[in-house]
S.K.: 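Take a look at this one; I'll ask things after.
If you're wondering where the values come from, they're calculated on a predicted model, not measured in any experiment.
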Amino acid sequence: MKEGNEKDWIDRLMHDMKKLEDAHQAEAPRQYELMHTLTQFKRQRKKAWMRELAIFIFTALIILATYFVVSLRVPVVFLWVQIMAFIAIPIIYTAEKKRRRSLSEVLDDGF
C-alpha cells in the first residue's frame, strides 16, 4: 500500500470508530436511582430472610413434635401427621411453584 492510501484508510477507520462510539453512549444511572435499587434489593432480601427463618423454625418445631410423638409411642397421632403431610406437601409445592413463576425466577426443578 502506498503511504497516502494507508493514511486515508486509517482516517476512515478512525472516523467510523468515532461514529460507533457516539451512537452507543451508555447512560450512567443517577445516584438516587442506584440508591433506590439498592434499598429495594435490601428490602427484598430482608423479607426473604424473615420468610426463610419462619419456615426453618416451623420445620424445626414439626420435627421436634414428631420426635415427641414417636418417643411417647402414640401411633395414631403419628399416622395422622403422616396423612396430613402427604396431603399438604403437594399443595405447598404447587403454591411455591406458582409464586416463583409470578416472580419470573428460574426454576431449578427442570419443569
Side-chain angles (χ1 to χ4, degrees):
M1 281 184 132
K2 294 182 180 177
E3 186 67 32
N5 287 342
E6 191 172 309
K7 173 95 170 114
D8 196 31
W9 184 82
I10 291 173
D11 287 340
R12 281 194 311 244
L13 177 65
M14 295 303 285
H15 179 69
D16 290 341
M17 293 296 282
K18 180 71 175 158
K19 283 179 17 182
L20 279 174
E21 287 176 4
D22 292 340
H24 298 290
Q25 288 293 328
E27 189 174 318
R30 297 186 178 98
Q31 183 178 3
Y32 71 89
E33 292 172 339
L34 288 174
M35 293 304 292
H36 176 70
T37 304
L38 182 62
T39 305
Q40 186 178 16
F41 175 74
K42 284 181 179 180
R43 191 177 319 120
Q44 288 174 347
R45 288 305 316 148
K46 185 175 182 180
K47 186 178 177 182
W49 184 80
M50 292 298 280
R51 185 177 59 240
E52 290 169 6
L53 181 64
I55 290 171
F56 173 76
I57 291 172
F58 179 72
T59 305
L61 290 175
I62 294 294
I63 290 170
L64 286 173
T66 304
Y67 178 72
F68 183 70
V69 167
V70 169
S71 68
L72 290 179
R73 295 184 183 155
V74 184
V76 175
V77 176
F78 185 71
L79 288 174
W80 274 105
V81 168
Q82 292 297 317
I83 291 169
M84 296 304 285
F86 188 71
I87 293 170
I89 288 175
I91 294 170
I92 293 170
Y93 177 75
T94 55
E96 182 67 17
K97 192 173 182 182
K98 193 178 291 185
R99 183 189 69 84
R100 284 187 181 207
R101 282 196 180 149
S102 69
L103 295 176
S104 300
E105 290 183 4
V106 177
L107 297 177
D108 59 356
D109 58 1
F111 296 112

S.K.: Running the 4.5 Å side-chain criterion over Ile, Leu, Val, Met, Phe, Trp and Tyr, what cluster does W80 land in, apart from itself?
M.R.: V76
S.K.: What side-chain donor-acceptor pairs closer than 3.5 Å can you find for residues 37-50, not counting sequence neighbours?
M.R.:
unit_1 : atom_1 : unit_2 : atom_2 : d
T37    : OG1    : E33    : O      : 2.9
T39    : OG1    : M35    : O      : 2.7

S.K.: Considering residues at least two apart in sequence or located in another chain, which fulfil the side-chain contact (heavy atoms from CB on, under 4.5 Å) criterion with L64?
M.R.: none
S.K.: Taking only residues two or more places apart in sequence or in another chain, which ones pass side-chain contact (heavy atoms from CB on, under 4.5 Å) with L13?
M.R.: W9, M17
S.K.: Hey, what else clusters with I62 if you join Ile, Leu, Val, Met, Phe, Trp, Tyr whenever side-chain heavy atoms sit under 4.5 Å?
M.R.: F58
S.K.: Can we say R12 and D16 salt-bridge, meaning some charged N sits less than 4.0 Å from an Asp/Glu carboxylate O?
M.R.: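 No, R12 and D16 are not salt-bridged.
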S.K.: Linking I/L/V/M/F/W/Y whenever any side-chain heavy atoms sit under 4.5 Å apart, do F56 and I63 land together?
M.R.: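 Cluster IDs for F56 and I63 differ.
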S.K.: Checking I55 now: which residues fulfil side-chain contact (heavy atoms from CB on, under 4.5 Å) with it, not counting sequence neighbours?
M.R.: R51, T59
S.K.: For D11, what residues pass the salt bridge (Lys or Arg N to Asp or Glu O under 4.0 Å) criterion, not counting sequence neighbours?
M.R.: K7
S.K.: Under the side-chain contact (heavy atoms from CB on, under 4.5 Å) test, which residues partner I91, sequence neighbours left out?
M.R.: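 Here the qualifying residues are I87.
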